[in-house]
Structure formats: C-alpha cells, structure tokens
Amino acid sequence: MANFKTLDGKASPLGSTYDGKGVNFALFSAHATKVELCIFDASGSEELERYSITSNDNSVWHIYLEDAKPDLVYGYRVYGPYKPEEGLRFNHHKLLIDPYGKKLVGKLIWNKAIFGYDIDSPEQDLSFSDLDSAPYVPKSVVVNDDYDWGNDKHPRHKFENSIIYETQLRGYTMLQPSVADSKRGTFAGFSHNSVINYLKWLGVTAVEFLPIHAFFGNRHKKGYITDNYWGYESFSFFAPEQSYLSGNDISEIKDMVKKLHAHGLEVILDVVYNHTGEGNQLGPTLCYRGIDNPTYYALNPENKRYYYDTTGCGASFNVQHPACLRLVMDSLRYWVEKIHIDGFRFDLATTLSRQQNQFTQQSGFLYAVEQDPVLKNVKMIAEPWDVGMGGYQVGAFLPGWAEWNDKYRDNVRRFWKGDTAQTSEMASRLAGSSDVFNYNNRDIWSSINFITAHDGFSLCDLVSYNQKHNLSNGEQNRDGTDTNWSWNSGVEGGSDNPMVEENRMLRSRAMLATLLMSFGTPMLVAGDEFLRTQMGNNNPYCQDNALTWINWEGITDKHKKFASYVRRLIKIRKQLKIFDRNKFFTGKKVDKSGYKDIAWYTPSGKEFETSDWHNGDLRSLSYCVYTGTKFVFMMFNANHKEQDWKLPDLSVDMHWNLILDSSGKFNPLEVASGKSIKIPAWSVVGFEIKK
C-alpha cells in the first residue's frame, strides 16, 4: 500500500469525512502535545502507516489524505503528559477509537494492554503501561454516508397519539423462526416482514430500542462470567453496535428504519450519553480518556485523579464542557439526519442536565436541545433521575420533553396489588399526573406511563413473584431493586393452581387495561403482551440467552389470546378519540350541559368528596370524561370480590355501550344511567355513553 499524500485538511467537521477525492480527519484535544493517525489493513490487525498530525486550530488536530477512500481503517495515538493527579492520562501506547467514527471493525479483547496503567502494579492507575493496545482494540472505519432514502418520511406521530413498544433489538429475533439464522439478533432480522407485520397487527406506533450505539460488554473481561446484554456501556455515539450487523454494511440499520417508516412505525433510540464503558480511573483507555480526559469526563474537583460520578458507572460524561456537549449534539443530529431516527430516550437524563454538578433547567444541554432546529422535530424522552445529589427530577424537565413516570408505575402496581391508600393518587395517575407535569404549559402527554420496563419484573413476573430471583447474574442476588410492589397471588413462581392462575390473569389484564385507558403516553415492553416471564429475574442486564430472548415458538394459545386482548385495548384507545388531547383536565364544566371535562365517581354513584379521597380502604374508583359530544366511563375495581356499583344518573336518554371488560365476567344486561350493577373483582369495565 502506497503512502497517501497529506495536506493540512480542515478542522470541521470532526471525525473522518470522505469528499470524493480523499478523507479529512479532525480530532479535538485541548491538552494533547502530539497526535498520530494510524492506518491499518482491512481487518484492523496490521498497522500499515502512521502520520503525524501537525495542524491544530483551536484544539482541533486535522489532516487530509489524498486518494483515501471509504472503508479505510484507522485509529489515533495521542501524546501528552501522564499525570493522573492532575487529571491527565495520555498514553500514546494505546490506540484510540475516533469519537466521531461511524463504523468499527474488530473485537475488544480484554487484555492488560488496553489499560493506560500497569494493572499489576501496586500503584494501580498512578503507574504507566508501555504495552501496545492496538492488537486488542477495535478500530474506526471511514464511511460514505450516501444512501438512497427514496421517498422515506418520518411518520411524525403526535405524542398524544403514540404507543411506545420498548425492546432489546438482539433478543427480539434471536428465536424468531421466520428469520434466517444469519440475520437473527440484527437490524436485518428486525426488518423481516414477520416482525413488522406483527407490530402492525398489535397496533403500536413506535419501537424504542435499548442502546444500539457500539458497546463491548464484558465478554472477554477476566472474572466476569456474564455479558453486558442491554448495552448501557456505550463506547461510540456514532457507530452502531457491530454485533447487530448481519454483514459489514452500516446501511443495514438505514434499511431497517426505512422499512419501519414505510409501515408507519417510528424508531426511538435509548441513548447513554451520561457515561461510557471506560468507567472510572481503573477502567481501560480506549477513546475519550486517552484523547483528553479532563474534557470528556467530569473530574473530582478535590482530587482530579478521581472522577465525579452521578451515574453509578464510574465517571460522568462532561457535557458541561463545550466540546463534549458539541459531540453529544452532533451525535443526535447525525442519527436524525443520516439515520432518520424519530426520537431519543435519554438514560439518566439528570446527569446531562447538570450545571456545576447541580440539575437545572438552565443547563447547557437542555438549552442546546431547546434551540436546535433538527431536534425540535423529534421526540425527546427523559429518564429523569440519576444517583447523584438532587438526582430525582421527575416533572422538572422543560416543555416539549416527555419523562418516564415512575410514580405512575409504582402507584398502578400497588393499586392492583390491593394495597391500601392508593386510590386517591390513582386518580391523578389515570388523568395524566397533573400534580407532576402540569406547569409551564406542559402537555398531558409529558407523562410516559409504564408499569414495566426492561429494568425490573416483566408483567408476568409482577403477578408471579414476591421477591427477585437474580442468582444467575452471579452477584449473589444483591443486584436489582428490592422494591417491586409485586404480589405472587399466593405461590412463588409457576403454579398449576387454578385460583392462583385466575388471579394472576385478572390482575395482568387489569393492569394493561389501566395503562391503555390512562391519559399520557403509554409504553409497553416487548413480550408483556403475551405474558413473557424472566423467571423472577428483575435485572437481566447480563442475560444474553433464552431468559431474555423472545420465545416466539413457545407462545401458547393462552398467550395468543392475551396478545389479542392487548391488541383490542390498543384499538379501543385509538377509536375512543379521548386520549389524543394536549391539555390537562380542569374538572370544570365543558358547555351549557353542565358536565365537567372529567369527574370522579365512587361505587355509590356519587362524585368523590373530600372524605372519599381520604378513605384509605377504598380500592375502586371511576372516571367520566366528557368531550362535548360523548362520555367515556371507566371503572377500576381492585377489590378481591365483585363490587356493587351504582352508575351515575347522567341522563335517561343516554345509551351505555360496553366497550371494555378486562375480566370477561361482566354481565352487561340492563345497563343504564342510575342503574346498579356488579363489577367483577380485579377488573376494569368501561362504557362509551352516547345520547
């Protein structure tokens, strides 16, 4: 291979950019003293050439290689002082990934050479390693971003019309019999017609993928018997995870997005900009740490050898630094403009929104998102907490943001568990959690309502286990939350007791009916619609196996019936046309009829009074929503026995049409205003009332 002719190149854009004649390389490092560009063969196993980068504009090192083309494999060696006590950890013996690299080649091999320090030294990270890491780390690859998107369009479902379906991309198709073995667990596998047809049949509007940014897990890490399956240890915020590609072409992810869009399905990415897989001071040096440690990570101001960490993962990504914030914003725009992504769910979003280590709505990150002309057109969802001081910020994000609402999760779980003193709060959760989100003109869809997520019990396990069963994770059952608000219906785990099974089924059906009949944005977890179990494991982050994979061939008639029920709930939600509202309820009269936009009724047929709201023993309630043309009346009975219920005396000429009976036991005969009926135990019953 002949040497490339070099030119100074340009400082923008960052990363590697092919212009048809050659490739420009640009890397930010404010503290480096020297940078080398290393060129490798196609496999990344042999270094072919090395170029010293001499041009530096405003801390951006840049060089241009004439006649270089896409698929060129490269990495960086960055020189500078190794002074951990001052936060500087340069080590030119470590080959580094391009932070803006859009594709990777090669595997990460967990070898002592990937650490910037001598891991055998008693001084730990204060020591210095001169071992070459190049044979053990992935390399970056120059790409050509050209792609024929044809007439692809973002579906642009309004938040108020959205139903989100959260899934792990790999596990969804690993056992899908219609997908070829070579494509299972990949973007191509998820593009299969059988997958898309099922999603369309179910009725969801958006797929939210657990992280698909490149991550390396613990597959080769000494002492770790399990792998990082979920992917919450991103190493690159531009390159897709290599194992999710069935071939060697990153267009595969674009093909998937394009096909999902063609069927009206949005694609939302769970993104992890709050930390990286490099971890704390004892972690490997693979990218950011070796390029410019004090720029990319928040350091402990009292001792810069250590990191400031609000993530629980070793080191917070330093989004307060302009260069680091630019990287995050460039990454987000890249995924929207080049991959056509429709939205993002931000893991530990509070960490990103800190200024001087305190959460604030005036943070640089939130302001940058607020003014960005690209991101204003996509869905932005916050996981509104982290593990730092003042980290719990549910309801505190800016208008335009939606947030995971764990208050909804916990209250709905406890209500259907049969706990006391839950009914009063339940009214707020059903109505969009105005006590949390109704400020600064925020909309009712701001609440992402969920009962289960990837993190925690599945729906089936929520009604089948009282305790977590995480021994297979290899952490002596210490990992995962102990606060599950679950109830096993009398038997821990699997049961052939018909009474136990009936109770579990009733409560599962009631919880999903609650989710789909609540105001806000509902989120389902893949597999809950057919009662997938994880055998009581509430933290299967490391279970890349049949425990977490969707077992399509194991779906029985009972499971299919339950999935059909969930499909019907989604259809009811869409057809009612009461959930596609923006504003919160006021409880005031809508028109001259005197009916309120929402009213709450007790089983006695009377509107709730103050004493009713404070009745901790009450385990049932109902709402009546009036739109100006029709009523929708929903009853929620979490009692262990049927409930005598007097319907409110609305008008004698109204027709009560049964639209929902979660239990399948309700007798709809002689239903009319003012009539007394019996609502089955553990059930949701709903009517559409028309004049």
Side-chain angles (χ1 to χ4, degrees), residues 147 149-169 172-173 187-213 240 244 251-271 331-347 349 369 372-383 400-404 443-450 453-454 515-516 520-526 528-529 566-567 570-571 573-574 579-580 582:
Y147 179 80
W149 283 100
N151 60 354
D152 178 73
K153 294 181 180 179
H154 294 274
R156 302 282 188 219
H157 295 299
K158 295 180 179 179
F159 249 125
E160 57 267 31
N161 294 325
S162 296
I163 300 168
I164 299 172
Y165 188 75
E166 188 200 42
T167 187
Q168 207 274 358
L169 182 133
Y172 201 77
T173 61
F187 299 117
F190 206 92
S191 302
H192 195 276
N193 288 337
S194 63
V195 173
I196 293 178
N197 290 340
Y198 172 74
L199 296 173
K200 289 293 293 179
W201 173 86
L202 188 60
V204 297
T205 66
V207 178
E208 180 177 308
F209 290 115
L210 268 62
I212 64 170
H213 287 161
Y244 293 170
S251 292
E252 192 175 306
I253 185 174
K254 300 177 183 180
D255 294 340
M256 179 194 73
V257 172
K258 184 177 180 180
K259 192 166 183 179
L260 287 167
H261 281 178
H263 290 81
L265 291 162
E266 292 183 315
V267 179
I268 299 172
L269 300 187
D270 193 333
V271 287
S331 168
L332 291 169
R333 283 189 292 268
Y334 172 77
W335 286 91
V336 175
E337 294 180 317
K338 296 297 185 179
I339 315 295
H340 288 203
I341 295 302
D342 303 285
F344 303 94
R345 179 266 189 190
F346 293 83
D347 182 68
V369 169
D372 193 275
V374 173
L375 300 182
K376 72 177 183 179
N377 296 316
V378 301
K379 292 179 168 64
M380 306 295 276
I381 303 171
E383 182 185 38
W401 281 79
E403 302 175 39
W404 273 30
D443 290 336
I444 199 169
W445 50 256
S446 300
S447 175
I448 300 293
N449 298 333
F450 67 103
H454 66 276
L515 178 65
L516 272 305
T521 306
M523 184 185 79
L524 291 163
V525 177
D528 273 359
E529 73 272 20
V566 177
R567 176 180 186 249
I570 293 173
K571 184 175 292 187
R573 180 183 177 90
K574 292 178 177 179
F579 299 100
D580 56 352
N582 287 322

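Keep in mind it's a predicted model, so treat the numbers as computed, not measured.
Using cut-offs of 30° and 60° for the angle between ring planes, the Phe344 and Phe346 rings count as tilted.
Distance NE2/His261 to CD/Glu266: 7.0 Å, rounded to 0.5 Å. Within the model, atoms NZ of Lys254 and OG of Ser191 stand 14.0 Å from one another, a figure rounded to the nearest 0.5 Å. Here the OG atom belonging to Ser162 is positioned 11.5 Å from the CD atom belonging to Glu208, to the nearest 0.5 angstrom. Distance CG/Leu516 to CD1/Ile163: 6.0 Å, rounded to 0.5 Å.
Side-chain contact between His154 and Asn377: absent, with no pair of heavy atoms (C-beta onward) separated by less than 4.5 Å. Using a 4.5 Å heavy-atom threshold, the side chains of Phe190 and Leu199 count as touching. Contact of the Lys259 side chain with the Ile196 side chain is registered, since non-hydrogen atoms from C-beta on lie closer than 4.5 Å. No side-chain heavy atom of Ile339 sits under 4.5 Å from any side-chain heavy atom of Leu269. Counting heavy atoms from C-beta outward, Phe579 and Ile444 have side chains that stay 4.5 Å or more apart. By the 4.5 Å heavy-atom criterion applied to side chains, Ile212 and Pro240 are not counted as neighbours. Between Val378 and Ile341 there is no side-chain heavy-atom pair separated by less than 4.5 Å. Between Val267 and Val207, the closest side-chain pair of non-hydrogen atoms is not below 4.5 Å.
Of all non-hydrogen atoms in His454 and Asp270, the two that sit nearest each other are CE1-OD2, 4.3 Å. Looking at every heavy atom in both residues, Leu169 comes nearest to Met256 through CD1-SD, 4.0 Å. Ala453 and Val525 get closest at one heavy-atom pair: CA-CG2, 3.3 Å. The two residues Tyr244 and Pro211 come nearest to each other via the heavy atoms CE1-O, 3.9 Å. Closest of all the heavy-atom pairs between Asn161 and Thr205 is O-CG2, 3.6 Å. Closest approach of Lys258 and Trp149 over heavy atoms only: CE-O, 3.4 Å.
For Arg333, the side-chain hydrogen bond (donor to acceptor under 3.5 Å, both in side chains) partners two or more places apart in sequence, or in a different chain, are Asp330, Asp372. When the side chain to side chain contact (heavy atoms under 4.5 Å, CB included) test is applied to Ser331, the partners found at least two apart in sequence or on another chain are His213, Phe237, Phe238, Tyr273, Trp335.
Applying the side-chain hydrogen bond (donor to acceptor under 3.5 Å, both in side chains) definition to pairs two or more places apart or across chains, those involving residues 195-204 are Tyr198-Glu529.
Within the 3.5 Å criterion, the main-chain N or O of Trp445 finds a donor-acceptor partner in the side chain of Thr521. No side-chain donor-acceptor contact under 3.5 Å links His263 to the backbone of Leu265.
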Inset, instruction - Please lay out, stage by stage, how Thr173 and His192 fare under the test side-chain contact (heavy atoms from CB on, under 4.5 Å). - result: CA-CA 9 Å; Thr173 61; His192 195 276; over 6 Å; no
Inset, instruction - Verify side-chain contact (heavy atoms from CB on, under 4.5 Å) between Ile268 and Phe209, making sure each step is shown before the conclusion. - result: CA-CA 6 Å; Ile268 299 172; Phe209 290 115; over 6 Å; no
Inset, instruction - Test side-chain contact (heavy atoms from CB on, under 4.5 Å) on Asp152 and His340 and set out the steps. - result: CA-CA 9 Å; Asp152 178 73; His340 288 203; 2.6 Å; yes
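Geometrically, Lys379 engages Phe159 in a cation-pi contact defined by less than 6.0 Å to the ring centre and at most 45° from the axis.
Residue Lys574 qualifies as enclosed at atom NZ: its count of foreign heavy atoms under 6.0 Å is above 12.
No hydrogens or angles considered: nothing links the side chains of His157 and Asp342 as a donor-acceptor pair under 3.5 Å.
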